[in-house]
Trainee: 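Can you read through this structure? Questions will come right after.
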Amino acid sequence: MNSYIEKVLNEIETKNCYEKEYIQAVEEVLSTIEPVIDQHKEFENIALLERMTEPERLISFRVPYVNDEGKTIVHRGYRVQFSSLIGPYKGGLRFHPSVNQSIMKFLGFEQIFKNALTGLPIGGGKGGADFDPKGKSDNEIMRFCQSFMTELQRHIGQDVDVPAGDIGVGAREIGYLFGQYKRIRNAYEGGVLTGKGLSYGGSLARTEATGYGLIYFMREMLSANSQNLQGKTVTISGSGNVAIYACEKAQSYGAFVVAMSDSKGCIYDKNGIDLNIVKQIKEVERGRISEYVKYRPEAEYIERTSDDSPIWNIKTDIALPCATQNELTLNSAKKLVENGVLAIGEGANMPCTKDATEYFLAHNVLVAPAKAANAGGVATSAIEMSQNSMRYYMTFEEVDAKLDTIMVNIFKSCKEAAEKYDLGNNYVAGANIAAFTKLAQAMVAQGIV
Ligand code: NDP
Ligand code: 2IT
């Protein structure tokens, strides 16, 4: 390995020894950009990698709220303002009990590269709290969001840092967060949050964007390898925002989606998933995916019993991990390859473990890497910001067409970077190299900051 990369990786492992997801995300990027670093000996002297891997700012704060029983609960909130190199910090908020500093930093780091790939003027950030919205009343969610925003508001702004949704943060949470921001700041700063409701500044197609974008990227990747989605069997982990709209778009291209999941298990419907049932259970009732079999008794529910999700044991042409980090392990990768999988599309952030990704690439499975393949969500957030600045709304078709073009261009960047460095169809390395090249140029241009 290049000695500069090795030195930086060693320092990062020592300095952040408790942050395993963060180390994993950095290792994944640095191990693939070696050909670029080899050509730029000057980067070491200006500590380019050290600066790129150190967040500009990391904020951690107390979030107390009173639950419906009158008890006070304290959570920990975060915002990692990772990089403002090419635009205001931009990235989602995650509310999930697993949230910690390592997960925030890994997501913030990934976001810088993803946002660079979109070609739009957005820097990278991420935030959230170790709060579980599951089973909470609307009033509890509202009080939590208000408390979270009471602190967060002093760090964000439409030209400073623009949060959005992620796991556990959807339209309901964004509404409560926006209301509290506006109340405290006494200004209608529409572009301070994205993923807003359509009645107060949201963009058409933002809800669908990440899932649709994933399928647009998959379409491009398959087509570059003489394949297409028509008639392909697809399995999709998760049943949240990304999974649902990936399913919708895949079905519209004639793919046959047979399985979806949540953290407790998966459903296998050999006749094809009825997405209206999934939407009713998840978007309206906020229920569990297991309830699907009540509506479709011919479908099967398989409970999860280990780290290896049962969904990856199902034979499929295309697997779309759209739930969470490290949800697709080496064991699962082996099973998928044994069953003849053709392509993987990462809808979630870092869903494949490093050894799983390496196994796929070594067995000629096409991999659409998260930074590129799920960038349609944040790209459409940037389109929402520009609509807010213009005080104007685009139609669904206009936004969707822009999203499609952005995904086509992202795939092109990944492919061209892979070809330039003789990496064949390794789009994982291609995405990292394309994004890194752009960021490095901006970093050199802006001096030592
Ligand atoms: P949602 O909260 O809408 O859905 C999350 C889904 O993932 C649920 O089905 C959930 O199941 C499942 N899940 C969450 N945690 C785990 C876990 N530890 N193990 C197994 N399953 C889990 O989130 P999104 O759909 O918005 O996000 C999904 C992924 O996509 C995340 O990795 C996110 O970072 C990424 N992403 C999201 C974007 C967006 O625009 N929303 C943009 C780009 C990436 P359960 O209900 O049982 O918890
Ligand atoms: O991981 C992601 O890209 C998101 N959760 C979306 C971020 C955004 O600002 O829309």
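One-based numbering, in listed order, for ligands and for the atoms of each. Residue numbers run from 1 in the order of the sequence given.
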Trainee: For ligand 2, what are the residues with a heavy-atom contact below 4.0 Å?
Mentor: Lys90, Gly91, Gly92, Gln111, Lys114, Lys126, Ala164, Gly165, Asp166, Arg206, Asn349, Gly377, Val378, Ser381
Trainee: Which ligand 1 atoms, with their elements, are less than 4.0 angstrom from a heavy-atom of Thr324?
Mentor: 15 (N), 16 (C), 17 (C), 18 (N), 19 (N), 32 (O)
Trainee: Does the side chain of Lys196 come under 3.5 Å of the side chain of Asn388 through a donor N or O and an acceptor N or O?
Mentor: yes
Trainee: Would you mind checking if Arg219 and Asp404 are paired as a salt bridge, meaning a charged N to carboxylate O distance below 4.0 Å?
Mentor: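 Salt bridge present between Asp404 and Arg219.
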Trainee: State whether Lys264 and Glu303 are salt-bridged, where the test is any N-O pair (Lys NZ or Arg NE/NH1/NH2 against Asp/Glu carboxylate O) under 4.0 Å.
Mentor: no
Trainee: To which of Gly195, Ala379, Ser98, Ala323 does the heavy atom nearest atom 13 (N) of ligand 1 belong?
Mentor: Ala323
Trainee: Only heavy atoms count here, so choose which of Cys322, Gly240, Cys266 is nearest to atom 4 (O) of ligand 1.
Mentor: Gly240
Trainee: Using a strict threshold of under 4.0 Å (side-chain N to carboxylate O), is an ion pair present between Arg94 and Asp130?
Mentor: no
Trainee: Against heavy atoms of Ser239, which atoms of ligand 1 measure under 4.0 Å?
Mentor: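 Checking each atom against Ser239, I get 9 (O).
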Trainee: Look at Asp166 together with Lys126 and state whether they make a salt bridge at an N to O cut-off of under 4.0 Å.
Mentor: yes
Trainee: Relative to ligand 1, is Arg304 under 4.0 angstrom through side chain, backbone, both or neither, heavy atoms considered?
Mentor: side chain
Trainee: Working note: Tyr216 + Phe411, criterion ring pair (Phe, Tyr, Trp, His ring centres under 6.0 Å); need CA distance, chi angles, decisive distance, verdict.
Mentor: CA-CA 9 Å; Tyr216 295 151; Phe411 176 70; over 10 Å; no
Trainee: Going by the atom numbers of ligand 1, which of them fall below 4.0 Å from some non-hydrogen atom of His96?
Mentor: 15 (N)
Trainee: Could you tell me if any non-hydrogen atom of Met350 lies under 4.0 Å from any atom of ligand 1?
Mentor: no
Trainee: Less than 4.5 Å apart, any side-chain heavy atom of Val378 and any of Lys90?
Mentor: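 Contact flag for Val378/Lys90 side chains = yes.
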Trainee: So does Thr233 get a backbone contact from the side chain of Asp317, meaning a donor-acceptor N/O pair under 3.5 Å?
Mentor: yes
Trainee: Got the closest protein heavy atom to atom 27 (O) of ligand 1, with its distance?
Mentor: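 Protein heavy atom with the smallest distance to atom 27 (O) of ligand 1: Ile167 CG1, 3.7 Å.
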Trainee: Taking 4.0 angstrom as the limit, do Glu358 and Lys354 come out as a salt bridge?
Mentor: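 Counted as a salt bridge, because a side-chain N and a carboxylate O are separated by less than 4.0 Å.
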Trainee: Using a 4.0 Å heavy-atom cut-off, which part of Thr210 comes near ligand 1: side chain, backbone, both, or neither?
Mentor: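 Within the 4.0 Å criterion, Thr210 contacts ligand 1 through side-chain atoms alone.
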Trainee: Taking the minimum heavy-atom distance to atom 33 (C) of ligand 1, which of Asp166, Ile311, Asn326 ranks first?
Mentor: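 Considering heavy atoms of Asp166, Ile311, Asn326, the nearest to atom 33 (C) of ligand 1 sits in Asp166.
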Trainee: What about Lys114: any of its N or O atoms under 3.5 Å from an N or O on ligand 1?
Mentor: no
Trainee: May I ask you to check whether over 12 heavy atoms, not counting those of Lys415, lie within 6.0 Å of atom NZ?
Mentor: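 12 or below, so no.
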Trainee: Output the list of atoms in ligand 1 that are nearer than 4.0 Å to some heavy atom of Ala348, sorted by atom number.
Mentor: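 The list of qualifying atoms is 29 (C), 30 (O), 32 (O), 35 (C).
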Trainee: For the residue pair Leu117 and Ala434, what are the closest heavy atoms and their distance?
Mentor: CD2-CB, 3.9 Å
Trainee: Which pairs pass side chain to side chain donor-acceptor pair (under 3.5 Å) with one or both residues in residues 76-89, sequence neighbours excluded?
Mentor: Glu56-Ser84, Glu56-Tyr89, Arg57-Gln81, Arg57-Tyr89, Arg79-Asp161, Gln81-Asp161
Trainee: My understanding is that we take every heavy atom of each candidate and find the minimum distance to atom 41 (N) of ligand 1. Doing that for Asp307, Ile236, Asn241, Asn349, which one comes out nearest?
Mentor: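 Of the listed residues, Asn241 has the closest heavy atom.
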Trainee: Answer with side chain, backbone, both or neither: which part of Gln325 has a heavy atom less than 4.0 angstrom from an atom of ligand 1?
Mentor: neither
Trainee: Is there a protein heavy atom less than 4.0 Å away from atom 10 (C) of ligand 1?
Mentor: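 It does not: no protein heavy atom is found less than 4.0 Å away from atom 10 (C) of ligand 1.
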Trainee: Contact between Val278 and Ile289 at the side-chain level, heavy atoms closer than 4.5 Å - yes or no?
Mentor: yes
Trainee: Report the relative orientation of the aromatic rings in Phe61 and Phe148; use parallel for angles under 30°, tilted for 30 to 60°, perpendicular for over 60°.
Mentor: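 Rings of Phe61 and Phe148: tilted, as their planes differ by 30° to 60°.
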Trainee: Does any N or O atom in Lys126 lie less than 3.5 angstrom from one in ligand 1, N or O only?
Mentor: no
Trainee: Using distance alone, determine whether Asp262 and ligand 1 share an N or O pair under 3.5 Å.
Mentor: no
Trainee: At a 4.0 Å threshold, what atoms of ligand 1 neighbour a non-hydrogen atom of Lys134?
Mentor: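 Contacts of ligand 1 toward Lys134, numbered from 1: 45 (P), 46 (O), 47 (O), 48 (O).
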Trainee: Return the orientation label for the Tyr22 and Phe82 ring planes: parallel under 30°, perpendicular over 60°, tilted otherwise.
Mentor: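 Tilted.
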Trainee: Are any of the N/O atoms in Val242 less than 3.5 Å from those in ligand 1?
Mentor: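 Yes, at least one N or O pair falls under 3.5 Å.
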Trainee: Looking only at distances, can you tell me whether any N or O atom of Gly165, backbone or side chain, sits closer than 3.5 Å to an N or O atom of ligand 1?
Mentor: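 So ligand 1 has no N or O lying under 3.5 Å from an N or O of Gly165.
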Trainee: Above 12 or not: heavy atoms from other molecules or residues under 6.0 Å from CZ of Arg296?
Mentor: yes
Trainee: Taking atom types as modelled and ignoring hydrogens, do the side chains of Glu19 and Gln101 form a donor-acceptor contact shorter than 3.5 angstrom?
Mentor: yes
Trainee: Among all the protein's non-hydrogen atoms, which is closest to atom 2 (O) of ligand 1, and how far away is it?
Mentor: Gly168 N, 2.9 Å
Trainee: Heavy-atom pairs closer than 4.0 Å: do any link ligand 1 to the side chain of Arg206, the backbone, both, or neither?
Mentor: side chain
Trainee: Quick one: look at Glu327 and ligand 1, take heavy-atom pairs under 4.0 Å, and tell me if it's side chain, backbone, both or neither.
Mentor: neither
Trainee: Where on Ala243 is there a heavy atom closer than 4.0 Å to ligand 1, on the side chain, on the backbone, on both, or on neither?
Mentor: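 Near ligand 1, Ala243 shows nothing, with every heavy atom at 4.0 Å or more.
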Trainee: Using a 4.0 Å cut-off to any heavy atom of Gly238, which atoms of ligand 1 qualify?
Mentor: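 Answer for ligand 1: 9 (O).
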Trainee: So if I count the atoms of ligand 1 from 1 in the order they appear, which ones are less than 4.0 Å from some heavy atom of Arg94?
Mentor: 31 (C), 32 (O), 33 (C), 34 (O)
Trainee: As a check for students: among Gly377, Pro321, Gly128, Ser263, identify the option with a heavy atom nearest to atom 21 (N) of ligand 1.
Mentor: Ser263
Trainee: Are any non-hydrogen side-chain atoms of Ser147 and Pro64 less than 4.5 angstrom apart?
Mentor: yes
Trainee: Between Asn67 and Lys136, do the side chains contain a donor N or O and an acceptor N or O under 3.5 Å apart?
Mentor: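 There is no such pair (donor and acceptor under 3.5 Å, judged by atom type) between the side chains of Lys136 and Asn67.
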